[in-house]
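Read through the structure below, which is laid out as structure tokens, and then see the notes.
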Number of protein chains: 2
Amino acid sequence: MRIAVLGYGRVARALARLIAQQRHVYPFRIVAAHTLRHGTAYDLYGLPEEPAFGPAAADAEEFLDRSQAEILVELTALNPDNGEPAASHIRAAFLRGMHVATANKGPIACCYADLAEEARRAGVEFRFESAVMDGAPVFNLARHCLPGTGVIGFAGALNSTTQVILDAMRRGLTLEDGIEEARRLGVTEADPWFDIDGWDSACKAAALANVLMDARVTPAAVNRRGIGRLTPEKIAEAERAGKRIVLVSRGRRTPQGVKLRVRAEVLDARDMLAQARGTSNVLVLHTDTMGELGVFSQNPGLDQTAYGVFADLVDIARSL
Amino acid sequence: MRIAVLGYGRVARALARLIAQQRHVYPFRIVAAHTLRHGTAYDLYGLPEEPAFGPAAADAEEFLDRSQAEILVELTALNPDNGEPAASHIRAAFLRGMHVATANKGPIACCYADLAEEARRAGVEFRFESAVMDGAPVFNLARHCLPGTGVIGFAGALNSTTQVILDAMRRGLTLEDGIEEARRLGVTEADPWFDIDGWDSACKAAALANVLMDARVTPAAVNRRGIGRLTPEKIAEAERAGKRIVLVSRGRRTPQGVKLRVRAEVLDARDMLAQARGTSNVLVLHTDTMGELGVFSQNPGLDQTAYGVFADLVDIARSL
């Protein structure tokens, strides 16, 4: 199947390598790539991992039209306010009868219900496994392994930057030291306060609620407080009491609708969520049939994010 | 779809309730049930949760022939030596062109490769989600959510009885007290030494290796040591050192084939496997594409085991 990639950065390169490794079993081919910085590349026979970019297409529409791709892989940078420009790219692909796989949480957090409806009307598939947990099965798990199951709520330690910062503060370092450490590890977004203030966690909470609980919310609807006011003293006090502070995204179904919250929670040290360190994430789904069911990934990186997109591509191909 | 149930105990009743709850979306119908103790019941329009059992069919073959079912749900008691009689029941169903879902780890641990091959030749489906982790997605997860992924190894805290016993011993009680507690909670097999000696964990290791790593082993091939020689003193010593003793099933791919081991391991208290308590199980898969990926279920019971069978039924129906 022919793939167009919008946003050709490190995840896209990891995806290109994975597609090359798996090409004998899964015949995917990246035939077009577009970045704001480097320009646009097309090759119907398949681009190399490092494409020779030529002049940039005038816009995403022109890029999609020329690509002759069947699937758009959307990997542009996140805008948590409205999910743009990713949402428009995704819509443009749907209008052209293209399936879409994205690792971008913005559109899922901001306008999932509309996008899912547009995909349905266009008769195409829409996948986003890497939007919340770096490729660990969450959405495809619910889709394929939990038939007849309702998600009543969830709790997740889903933000790597704050985990690295809190680990540093547990060792007596400052918030600023922690930010430096997260930068060195390459886990922060461009602006670390997006993580520290809980916006990333709010986006992930909204995305989970929209997809798994049919919530139709945006990140702004999440009751959100970050870790910015935590001091090393507060953290040490929790540790002494056998507790552990973790930034947690929670959702639960109530008679008034789905309630979403992001907080630095003081957890029992033996809580599964309290084990999340570094880039490791933990998510617990509260379900009506399978009780409390959890998923975690240990220190995932870009290769795992790329794998989530790859799994989406295979899922799209299988569903046709 | 019409279902025949072999072994109509507590899991079967929970499954019958679940099928009734979901009948408007998933049109499954239990049309035949057979137990050694109570006899046999047939009703093409669907049996109630508590069937009126009549005279027992002469054997499983006669039961299957008369049932007119499309799917066999195999829930008879476990025999870890050779997976019988479940394996023969499953083969009899395949020969009649029936799909099979089972919660029985014996056949998966003892002769999975042969059964999978026989199902393929018969053109029918074979599922067993509840064989290892009480219904939590493991096998269906690998089947649907991990395309192109090789499992290099695994580590699991998969035995509830020893977890209850070790919890009791941590509180200063004896092994015998722990057995009593596991009995009261209803988590032991008929013979608790099957769990204590690590046979249950060995069966689960063999089942995981057979399905996820194409290992073609039996439980006897597992290097196995149970918790029978652990003393409260040893357990307290580990706790004082910030460690935690857990019965762990491990598998790893080596140049000499898949190596399997069951041991009471001394784990770091923050290890994900060290959080398994009561009936909660934790499994970590070591993969080539998704790194270390984990699944856990918090205090699952019979309803979750039944749900795993239900998920298998849906998966069979979807695959047709």
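Naming: A, B, ... by sequence-line order, numbering from 1 per chain. Being a predicted model, the structure only gives us computed values, none of them experimental.
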Query - B:Ala207 to B:Phe139 - nearest heavy-atom pair and separation - result: O-CE2, 4.2 Å
Query - Contact class of B:Pro300 relative to chain A, heavy atoms under 4.5 angstrom - result: neither
Query raised in the report: Under a 4.5 Å heavy-atom cut-off, does chain A meet the side chain of B:Val295, its backbone, both or neither?
Result: both
Report task. Locate the shortest heavy-atom distance separating B:Ala274 from B:Leu267; write the atom from each residue and the value. Result -> N-CD1, 3.9 Å
Query - Minimum heavy-atom distance between B:Leu18 and B:Phe310, given as atom pair plus value - result: CD2-CB, 3.6 Å
Report summary line: Heaviest contributor of heavy-atom pairs below 4.5 Å to chain B, chosen from A:Leu141, A:Leu283, A:Val25, is A:Leu141
Requested in this report: For residues B:Ala157 and B:Val246, report the shortest heavy-atom separation together with the two atoms involved.
Outcome: CB-CG1, 3.8 Å
**Report entry** pair B:Ile3-B:Val31: side-chain heavy atoms closer than 4.5 Å
**Finding:** no
Query - Side chain / backbone / both / neither for B:Leu146 at chain A, heavy atoms under 4.5 Å - result: both
Query raised in the report: Which atoms form the tightest heavy-atom contact between A:Phe154 and A:Leu285, and what is the distance?
Result: CB-CD2, 4.0 Å
Requested in this report: Would you check if A:Val282 and B:Met272 make a side-chain contact, meaning some heavy-atom pair closer than 4.5 Å?
Outcome: yes
Compile the donor-acceptor pairs, distance criterion under 3.5 Å only, formed between chain B and chain A.
unit_1   : atom_1 : unit_2   : atom_2 : d
B:Gln22  : NE2    : A:Gly148 : O      : 2.8
B:Tyr26  : OH     : A:Gly148 : N      : 3.4
B:Arg143 : O      : A:Arg318 : NH1    : 3.4
B:Pro147 : O      : A:Tyr307 : OH     : 2.7
B:Gly148 : N      : A:Tyr26  : OH     : 3.4
B:Gly148 : O      : A:Gln22  : NE2    : 2.8
B:Thr149 : OG1    : A:Tyr307 : OH     : 2.8
B:Arg270 : O      : A:Arg277 : NH2    : 3.2
B:Arg270 : NE     : A:Gln275 : OE1    : 3.1
B:Arg270 : NH2    : A:Ala274 : O      : 2.7
B:Ala274 : O      : A:Arg270 : NH2    : 2.6
B:Gln275 : OE1    : A:Arg270 : NE     : 3.1
B:Arg277 : NH2    : A:Arg270 : O      : 3.2
B:Thr289 : O      : A:Gln304 : NE2    : 3.0
B:Glu292 : O      : A:Gln298 : N      : 2.9
B:Gly294 : N      : A:Phe296 : O      : 2.6
B:Gly294 : O      : A:Phe296 : N      : 3.0
B:Phe296 : N      : A:Gly294 : O      : 3.0
B:Phe296 : O      : A:Gly294 : N      : 2.6
B:Gln298 : N      : A:Glu292 : O      : 2.9
B:Gln304 : NE2    : A:Thr289 : O      : 2.9
B:Tyr307 : OH     : A:Pro147 : O      : 2.7
B:Tyr307 : OH     : A:Thr149 : OG1    : 2.8
B:Arg318 : NH1    : A:Arg143 : O      : 3.4

**Report entry** Which atoms of B:Ala306 approach chain A - backbone, side chain, both or neither, heavy atom under 4.5 Å
**Finding:** neither
Report task. Could you pull out the closest heavy-atom pair between A:Phe128 and A:Val211, with the gap in Å? Result -> CE1-CG2, 3.7 Å
